[in-house]
There are 2 protein chains.
Amino acid sequence: MDEYINKQLTTTLKAISDPTRRSLLTKLVQQGPMRVTQLATYYEMSLNSISKHIKVLESADLISRKTLGRVHIIEATPNSMQCIENWLHSLRSIWEIRLDTLAEIMEYEKENNNESGK
Amino acid sequence: MDEYINKQLTTTLKAISDPTRRSLLTKLVQQGPMRVTQLATYYEMSLNSISKHIKVLESADLISRKTLGRVHIIEATPNSMQCIENWLHSLRSIWEIRLDTLAEIMEYEKENNNESGK
DNA sequence: TATATATTCAACCATATGGATGAATATATT
DNA sequence: AATATATTCATCCATATGGTTGAATATATA
């Protein structure tokens, strides 16, 4: 696989493998753009930790940030998760191709056995 | 979200967020069931590390193991990744619903402005 | 200008992770 | 019975991660 895509995949998967970050993302997708303090109110965690999580999501391109004065508006950019779906689908298609091939082989074997069994 | 599913999601995502483990999984999906030493030959890493990675994949239910004497046959079980697709799709549908609602609101605002502009 | 607010940065800590190596276990083979 | 093979377990190490707190920065408000 393309090494660039592979790294992007790693970054994206690591980012969403944390439950707090998944929750942040979901919140942003549900409620729309929001500022950091606003987001943080939903969690027991310190604001600083939330800010750190946002940074991780940002470097995975899962969110974008618009700075208005001292306020940062955070918006989900869920398109960046496409790479995950792509990987899942490619894996699934490889899987199905192999199962099909296997089925064909078994069919062939069966016929062969029938021949020799005549 | 259901806490059980959420934990499963975390385990699964953490498992596939490592490039070596994704590669192992892909190899198994492509080539079919294989034993540990066989798998390890494809990598520069020590056999022990591969064995450890396999254990991680196993506890995420991404592979299954059949023990035949001293040999362990490892097989990919990619269905367990369904939880990821489910999550991605649910997120996407929330996203689309919000965008639709937003579009309706904007449409309403537009009409409203037209009215007041008469 | 002084103060309050929004946010990040820096340092610290405990625990997790990914790798290595060497020993242990279980099973085959001679 | 002795040896070889397949695999995991235990330990160790360096680095990453997720959290905390306190300081710094930037902007708004009184």
Side-chain angles (χ1 to χ4, degrees), chain A residues 3 6-28 31-76, chain B residues 3 6-28 31-76:
Chain A
E3 201 46 41
N6 203 26
K7 277 192 178 157
Q8 194 202 350
L9 204 41
T10 301
T11 313
T12 312
L13 287 169
K14 278 203 190 304
I16 64 167
S17 74
D18 180 86
T20 305
R21 284 193 293 264
R22 277 202 305 281
S23 167
L24 283 165
L25 210 51
T26 306
K27 194 67 83 180
L28 285 165
Q31 322 259 83
M34 214 181 296
R35 40 203 185 98
V36 180
T37 16
Q38 175 65 22
L39 258 173
T41 58
Y42 296 107
Y43 301 85
E44 314 231 308
M45 208 174 297
S46 76
L47 168 67
N48 298 32
S49 298
I50 297 294
S51 164
K52 235 168 138 184
H53 278 304
I54 290 176
K55 211 171 115 188
V56 174
L57 289 170
E58 191 179 17
S59 48
D61 260 325
L62 287 161
I63 60 145
S64 74
R65 181 192 304 258
K66 202 178 289 174
T67 306
L68 298 175
R70 64 184 165 179
V71 164
H72 297 207
I73 302 291
I74 310 298
E75 176 169 23
Chain B
E3 202 45 43
N6 203 25
K7 278 194 177 154
Q8 195 201 350
L9 204 43
T10 300
T11 314
T12 312
L13 287 169
K14 278 201 189 306
I16 65 168
S17 75
D18 179 86
T20 305
R21 285 195 290 266
R22 279 202 306 281
S23 167
L24 283 165
L25 210 52
T26 307
K27 195 66 85 181
L28 285 165
Q31 322 258 83
M34 214 182 297
R35 40 202 185 96
V36 180
T37 15
Q38 175 65 21
L39 258 173
T41 59
Y42 296 107
Y43 302 85
E44 314 231 308
M45 208 174 296
S46 77
L47 168 67
N48 299 34
S49 297
I50 296 295
S51 164
K52 231 168 142 184
H53 279 304
I54 290 175
K55 210 170 113 188
V56 175
L57 290 169
E58 192 179 16
S59 48
D61 261 326
L62 287 161
I63 60 144
S64 73
R65 182 192 304 259
K66 202 178 287 174
T67 307
L68 299 173
R70 64 182 164 180
V71 165
H72 297 207
I73 302 290
I74 310 299
E75 177 170 21

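Here is the naming used below: chain letters follow the sequence lines, and residue numbers restart at 1 for every chain. In this text, all values refer to a predicted model and were calculated from it rather than measured experimentally.
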Measuring from the side chain of [X] (C-beta onward, heavy atoms only), which nucleotide among [options] has the closest atom?
{"X": "A/Thr37", "options": "C/dT7, D/dG19, D/dT7", "result": "C/dT7"}
{"X": "B/Arg70", "options": "C/dG19, D/dT7, D/dA6", "result": "D/dA6"}
{"X": "B/Lys55", "options": "C/dG19, D/dT17, D/dC9", "result": "D/dC9"}
{"X": "B/Arg35", "options": "D/dA6, D/dT20, D/dT11", "result": "D/dA6"}
{"X": "B/Lys52", "options": "C/dT7, C/dG18, D/dG18", "result": "C/dG18"}
{"X": "A/His53", "options": "C/dT7, D/dT7, D/dG18", "result": "D/dG18"}
{"X": "B/Ser46", "options": "C/dG18, C/dT21, D/dT20", "result": "C/dT21"}
{"X": "B/Asn48", "options": "C/dT7, D/dC9, C/dC9", "result": "D/dC9"}

Between C/dA20 and B/Ser49, is there an OP1 or OP2 to side-chain N/O distance shorter than 4.0 Å? yes
Search all heavy atoms of A/Leu47 against all heavy atoms of A/Thr37 and return the closest pair with its distance. CD1-CA, 4.1 Å
Closest heavy-atom pair and its distance - A/Pro19, B/Asn6: CB-ND2, 4.1 Å
With heavy atoms under 4.0 Å as the rule, sort B/Lys14 into base, sugar-phosphate or nothing. sugar-phosphate
Distance check needed: [N] [atom2] versus [X] [atom1], whole Å only.
{"X": "B/Leu13", "N": "D/dT17", "atom1": "CG", "atom2": "C1'", "value": "16 Å"}
{"X": "B/Ile50", "N": "C/dA20", "atom1": "CD1", "atom2": "C1'", "value": "13 Å"}
{"X": "A/Lys66", "N": "C/dA6", "atom1": "NZ", "atom2": "P", "value": "20 Å"}
{"X": "B/Gln38", "N": "D/dT5", "atom1": "CD", "atom2": "C1'", "value": "15 Å"}
{"X": "A/Met34", "N": "C/dT7", "atom1": "CE", "atom2": "C1'", "value": "17 Å"}
{"X": "A/Leu57", "N": "D/dT17", "atom1": "CG", "atom2": "P", "value": "13 Å"}
{"X": "B/Asp18", "N": "D/dT17", "atom1": "CG", "atom2": "P", "value": "11 Å"}
{"X": "B/Ile54", "N": "C/dG18", "atom1": "CD1", "atom2": "C1'", "value": "15 Å"}

A/Met45 or A/Val71, whichever maps to the more 5' nucleotide of DNA chain D: A/Met45
Is any side-chain heavy atom of A/Ser23 closer than 4.5 Å to a side-chain heavy atom of A/Tyr43? yes
Heavy-atom check, side chain of B/Lys27 versus side chain of B/Met34, under 4.5 Å: yes
Please determine which of A/Leu24, A/Ile74, A/Asp18, A/Leu28 meets the side-chain contact (heavy atoms from CB on, under 4.5 Å) test together with A/Leu57. A/Leu24
For C/dT30, which nucleotide is its Watson-Crick or G-U wobble mate, given both distances must be under 3.5 Å? D/dA1
